[in-house]
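Worksheet: one structure, shown below.
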Protein chains: 2
Amino acid sequence: MTAYSSASLKAELNERGWRLTPQRETILHIFQELPQGEHLSAEDLYQRLEERGEGISLSTIYRTLKLMARMGILRELDLGEGHKHYEINQPYPHHHHHLICIRCNETIEFKNESILKTGAKTAQKEGYHLLDCQLTIHGVCPKCQRSLIPV
Amino acid sequence: MTAYSSASLKAELNERGWRLTPQRETILHIFQELPQGEHLSAEDLYQRLEERGEGISLSTIYRTLKLMARMGILRELDLGEGHKHYEINQPYPHHHHHLICIRCNETIEFKNESILKTGAKTAQKEGYHLLDCQLTIHGVCPKCQRSLIPV
DNA sequence: TTCCGTGCAAAATCTTTGCAGATAC
DNA sequence: GTATCTGCAAAGATTTTGCACGGAA
């Protein structure tokens with residue numbers, strides 16, 4: 001369930017000449033404790049940490065999110081809200097995709113094993129080292145279709 | 001090849017109480033003339049129009065791109081460059097997906113018929129009206145893997 | 001004639017960056 | 001001890017918005 005321990009995070013960081021800081025560890029823990037299907041924006045994370053009394057500056061949050069996404073630990077999602085969201089990048093069978101209503105931003109998660117296979121095959125064919133693979137479906141949800149407001 | 005004519009754009013706009021303006025028509029044409037695999041940011045489009053002497057304000061460009069994406073005419077891409085890109089939303093067999101290097105942003109397009117089918121099926125199952133369906137694969141390209149700079 | 005759309009300028013949002021002090025290794 | 005990391009404040013980039021005028025239906 002837990003993709004990364006603090007120890008393996010430290011190992012991966014050190015391997016690249018970087019350091020495990022309390023901030024990085026805290027942020028990893030927050031994401032690991034997050035229920036399936038929740039995802040946080042930088043601001044969400046900032047506020048959650050403030051509430052816990054473990055405040056971390058927004059700069060560090062942005063830097064850490066980007067770092068962990070580039071390491072393949074987090075995946076970056078564009079859920080149509082004008083800012084990025086992040087969630088733990090989990091392997092099969094937890095790996096999933098998103099169906100998003102472009103009007104109200106309702107988001108539905110769904111799984112599909114064959115997409116991950118296609119992603120892995122495509123990356124391999126091009127010699128890419130795979131980090132993440134996400135199918136994003138945009139549409140209009142049933143509720144918004146019934147609404148009288150066009151677009 | 002051409003998914004929308006000016007006439008069908010006008011019809012679709014009018015249907016919703018909106019209007020076909022020269023700006024909207026011009027922007028549609030730009031995208032229709034774009035070679036397969038090219039995609040434009042708002043700024044790209046703005047500059048291209050300036051060069052042609054058909055200048056359109058950035059506000060209108062942003063408003064039109066959003067409008068056309070919500071109508072399903074354009075698809076909005078996040079290619080990791082800090083701003084959105086847009087391209088014509090083409091049906092099978094031109095429909096395609098993107099493999100992106102998170103370090104240098106090199107982007108490779110690829111096709112896969114079964115993903116579109118999965119997207120359509122998933123949208124239908126949830127009662128969504130499908131607008132777009134894109135598999136985005138993030139990874140590190142061969143060249144960047146060889147580079148000595150970590151992340 | 002009506003009301004939608006455009007352009008301009010200003011504002012709002014989100015994200016990045018420079019720098020000095022702190023700290024992991 | 002040294003290079004990396006953090007927090008702060010400021011800057012940068014992208015996108016949105018209010019308003020008056022112009023134009024499509």
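To find a chain, count down the sequence lines: A is the first, B the second, and so on, and within it residues start at 1.
- The structure places OG1 of T107(B) at 14.5 Å from NE2 of H97(B), a figure rounded to the nearest 0.5 Å.
- Straight-line distance from the CG atom of L9(A) to the P atom of dC25(C): 10 Å, rounded to whole Å.
- Rounding to whole angstrom units, CD of residue E76(A) and C1' of dT15(C) are separated by 11 Å.
- Residue Y62(A) has no polar side-chain atom (N or O) positioned under 4.0 Å from OP1 or OP2 of dT16(C).
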Practice task
Give the intermediate values and the outcome of salt bridge (charged side-chain N to carboxylate O under 4.0 Å, His left out) for residues R24(A) and E12(A).
Solution key: CA-CA 12 Å; R24(A) 289 174 180 174; E12(A) 269 208 55; over 6 Å; no
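- Summarising the geometry, the separation between OH on Y46(A) and C1' on dT16(C) is reported as 16 Å, rounded to the nearest angstrom.
- With rounding to whole Å, R70(A) atom CZ is found 14 Å from dT15(C) atom C1'.
- A single hydrophobic cluster is seen to contain both L34(A) and L65(A), as judged by linkage of ILVMFWY side chains at heavy-atom distances under 4.5 Å, directly or through other members.
- To the nearest 0.5 angstrom, E87(A) atom CD is 12.5 Å from H94(A) atom NE2.
- Classification of the H85(B)-H83(B) ring pair by plane angle, with boundaries at 30° and 60°, yields tilted.
- Rounded to a whole Å, the CG atom of D44(A) is 15 Å from the P atom of dT13(C).
- Atom C1' of nucleotide dA24(C) and atom NZ of K10(A) are separated by 8 Å, given to the nearest angstrom.
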Show me, pair by pair, the donor-acceptor contacts under 3.5 angstrom made by side chains of residues 130-142 of chain B, not counting sequence neighbours?
{"residue": "D132(B)", "atom": "OD1", "partner": "R75(B)", "partner atom": "NE", "Å": "3.0"}
{"residue": "D132(B)", "atom": "OD1", "partner": "R75(B)", "partner atom": "NH2", "Å": "3.4"}
{"residue": "D132(B)", "atom": "OD2", "partner": "R75(B)", "partner atom": "NE", "Å": "3.4"}
{"residue": "D132(B)", "atom": "OD2", "partner": "Q134(B)", "partner atom": "NE2", "Å": "2.9"}
{"residue": "Q134(B)", "atom": "NE2", "partner": "E76(B)", "partner atom": "O", "Å": "2.9"}

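- In this structure, L20(A) places its CG atom 11 Å from C1' of dC25(C), rounding to the nearest Å.
- Contact footprint of chain B on DNA chain D: nucleotides with an atom under 4.0 Å from a non-hydrogen protein atom, first to last in 5' to 3' order, dT14(D) to dA25(D).
- Ionic pairing of E33(B) and R52(B) is present here: one or more N-O contacts between side-chain nitrogen and carboxylate oxygen are shorter than 4.0 angstrom.
- Taking CG of L20(B) as the start and CG of N14(B) as the end, the distance is 7.5 Å to the nearest 0.5 Å.
- For the atom pair CD1 of I61(A) and CZ of R63(A), the computed distance is 11.0 Å after rounding to the nearest 0.5 Å.
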Handout entry: Footprint string (nucleotides 2-9 of chain C, 5' to 3'): B base within contact, S backbone only, - free, heavy atoms under 4.0 Å
Key = -BBSBBBB
